[in-house]
Amino acid sequence: MRHFTLYLWIGLSTFYSCTPKEPSAYKIFKYNQASGITSLDPAFAKNQANIWAVTQFYNGLVQLDSNMMIRPCLAKSWTFSEDGLQITFKLRTDVSFHQNEVFGDSTRTLNAHDVVFSFNRIIDEKVASPGSWIFNNKVDPSAPFIALNDSTFRLNLKQSFGPILGILTMPYCFVVPHEAIAKYGKDFRAHPLGTGPFTFKVWEEGTALVGLKNKNYFERDDVNQSLPYLDGFKVSFMESKKMEFLSFMKGDLDLLSGVDKSFVNDILDENASLKMEWEAQLNLFKAPFLNTEYLGFNTVGKDKWAKLKAFRQAVNYCYDKENMIKYLRKGVGFPAVNGFIPKGLPPYSNRESKGYNYNPEKAAILLQEIDYQGQEVVLNTNETYKDMALFIANEAEKVGLNLKVEVVQPSLLRERMVSGQVDFFRGSWIADYPDAENYLSLFYSGNGAPPNYTRFANENFDQLYEEAFAIGELENRLSIYEKMDSILIEEAPVVFLYYDELIRLTHKNIQGMKPNAFNALNLKLVKKY
């Protein structure tokens with residue numbers, strides 16, 4: 001019966017989506033997930049494929065909008081205690097779990113006890129969630145999560161930690177009912193049951209995942225219309241990027257996330273904009289993606305030059321970021337001229353501090369000041385970033401810098417970064433949660449490697465980092481983050497390369513696709529015509 005149901009729904013969605021130009025009785029949004037999905041349990045939402053899927057079935061206390069601001073969701077409001085150790089959430093009382101046999105083929109209203117249960121699952125060693133780290137050394141170990149009553153939930157912190165709200169937006173923190181865990185156990189991975197905009201229909205692993213509109217969903221749009229607009233969604237699992245691209249161009253997929261380098265020149269021009277011949281048929285969405293690419297120095301390693309601030313600054317000045325993005329990134333990305341906190345995350349937009357622009361003359365002067373005479377410095381990278389490393393090495397040579405590029409297997413390079421065996425290395429940091437603290441933590445001396453691969457230590461930076469912990473509201477922490485990033489620019493423990501950018505393509509009959517800097521996929525606001 002399961003296979004019959006699957007093929008029926010695959011057939012329906014295929015029939016109603018032969019081409020984006022044809023009217024459709026059912027509005028089914030279709031996308032492909034080449035890497036596959038391993039679990040539909042939020043406690044295991046550790047990668048983009050899983051995150052995109054569970055986002056359609058579940059909700060958390062809070063959520064992010066397209067501008068990366070934290071907004072209410074299951075919680076309608078929250079307050080911090082004066083000492084910052086408690087956050088009290090008032091929950092909505094009009095939210096129900098999806099209809100399911102665990103409720104006697106009915107539904108049940110969500111309450112604060114569900115939040116307690118869900119958060120305890122994350123830290124339960126028996127569950128072994130990869131997200132257990134999110135509460136490590138942050139929550140009160142004796143009583144971290146409390147339901148004061150059905151509509152009031154309290155989170156108790158071990159010490160004040162302002163970025164905790166950002167952590168609560170992570171899919172790990174989506175709320176699940178205890179009845180479903182009791183019935184399905186580990187097989188809950190294939191029986192998602194939440195409060196989200198879509199209900200689970202069927203998942204045939206490696207073939208298709210289908211979700212249907214939740215007709216009782218609690219959120220409404222700005223004109224009080226019920227969400228979601230779509231009748232459902234379907235995920236396919238084509239592993240071939242070529243097949244995915246051709247399926248999208250044919251109209252069998254509504255979304256193409258990223259453009260494989262094999263086809264990028266067919267669609268985009270040198271500025272990563274749509275070529276004129278596609279403007280009438282496709283929508284292009286470009287947005288900052290929370291990833292900072294960098295080259296890191298081991299500031300306490302064996303190489304004496306990596307220990308010298310002037311040398312590190314010289315490397316930052318010696319290459320042209322604009323040309324690097326133009327020729328090596330096909331125009332995708334933003335020059336990292338404003339520190340380590342990437343574009344798309346506050347306080348980037350109102351930042352006054354400026355970083356390093358192309359200035360070979362300044363680089364040469366700095367090298368003269370430290371009496372650098374062309375000694376070899378090894379830059380460790382992996383094969384994927386070899387071209388970028390060679391580009392920088394060639395640029396460096398013009399000012400007298402002698403950088404030797406050594407290509408290492410990714411796992412071996414990471415191992416050497418952790419142990420401190422490399423003094424100059426390529427790295428990147430993708431945000432785990434929407435707070436600049438996540439990036440600044442890479443340079444706090446109290447942190448080991450990971451994340452502090454550079455072994456950077458600065459007393460003023462550490463003091464500001466600890467001071468920011470005590471401030472609950474993000475807006476009040478931004479000026480401190482600004483000061484910390486300015487210290488990083490001055491001390492240059494890294495070479496600031498670029499801030500990443502995401503690209504999405506849809507057909508013209510798709511509206512409401514607003515990706516945020518996490519590359520999230522939230523289909524509740526998407527319309528298909």
Can you confirm whether more than 12 heavy atoms, excluding those of [X], are under 6.0 Å from its [atom1] atom?
X	atom1	value
Glu125	CD	no
Lys275	NZ	yes
Lys286	NZ	yes
Glu279	CD	yes

Are any of the side-chain heavy atoms of [X] and [Y] separated by less than 4.5 Å?
X	Y	value
Asn452	Leu442	no
Thr55	Leu523	no
Pro493	Phe443	yes
Lys528	Leu230	yes
Pro342	Thr292	yes
Asn59	Val175	no

Flag the pair [X] and [Y] as a salt bridge only when some basic side-chain nitrogen lies within less than 4.0 angstrom of an acidic carboxylate oxygen.
X	Y	result
Glu219	Lys524	yes
Asp500	Arg329	yes
Lys30	Asp254	yes
Asp124	Lys126	no
Arg416	Glu406	yes
Arg189	Asp41	no
Lys343	Glu501	no

Is a side-chain donor-acceptor pair under 3.5 Å present for [Y] with [X]?
X	Y	value
Tyr229	Asp221	yes
Gln409	Ser411	no
Ser247	Asn32	no
Ser262	Asp260	yes
Arg504	Asn283	no
Asn402	Glu397	no

task: Let me know which of Tyr385, Phe425, Phe424 forms a side-chain contact (heavy atoms from CB on, under 4.5 Å) with Leu295.
output: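 The passing option is Phe424.
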
query: Do side-chain atoms of Ser236 reach the backbone of Met238 as a donor and acceptor pair under 3.5 angstrom?
result: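 No: the side chain of Ser236 does not pair with the backbone of Met238.
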
Would you confirm whether the ring centroid of [Y] sits within less than 6.0 angstrom of the ring centroid of [X]?
X	Y	result
Tyr433	Phe518	no
Tyr294	Trp429	no
Tyr317	Tyr356	yes
Phe334	Tyr498	no
Phe119	Phe135	yes
His507	Phe248	yes

field: salt bridge (charged side-chain N to carboxylate O under 4.0 Å, His left out) between Arg71 and Asp65, intermediate numbers included
entry: CA-CA 7 Å; Arg71 304 298 184 195; Asp65 64 15; 2.9 Å; yes

message: For Tyr529 versus Lys27, what's the shortest heavy-atom pair and its separation?
response: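 It is C-NZ, 3.9 Å.
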
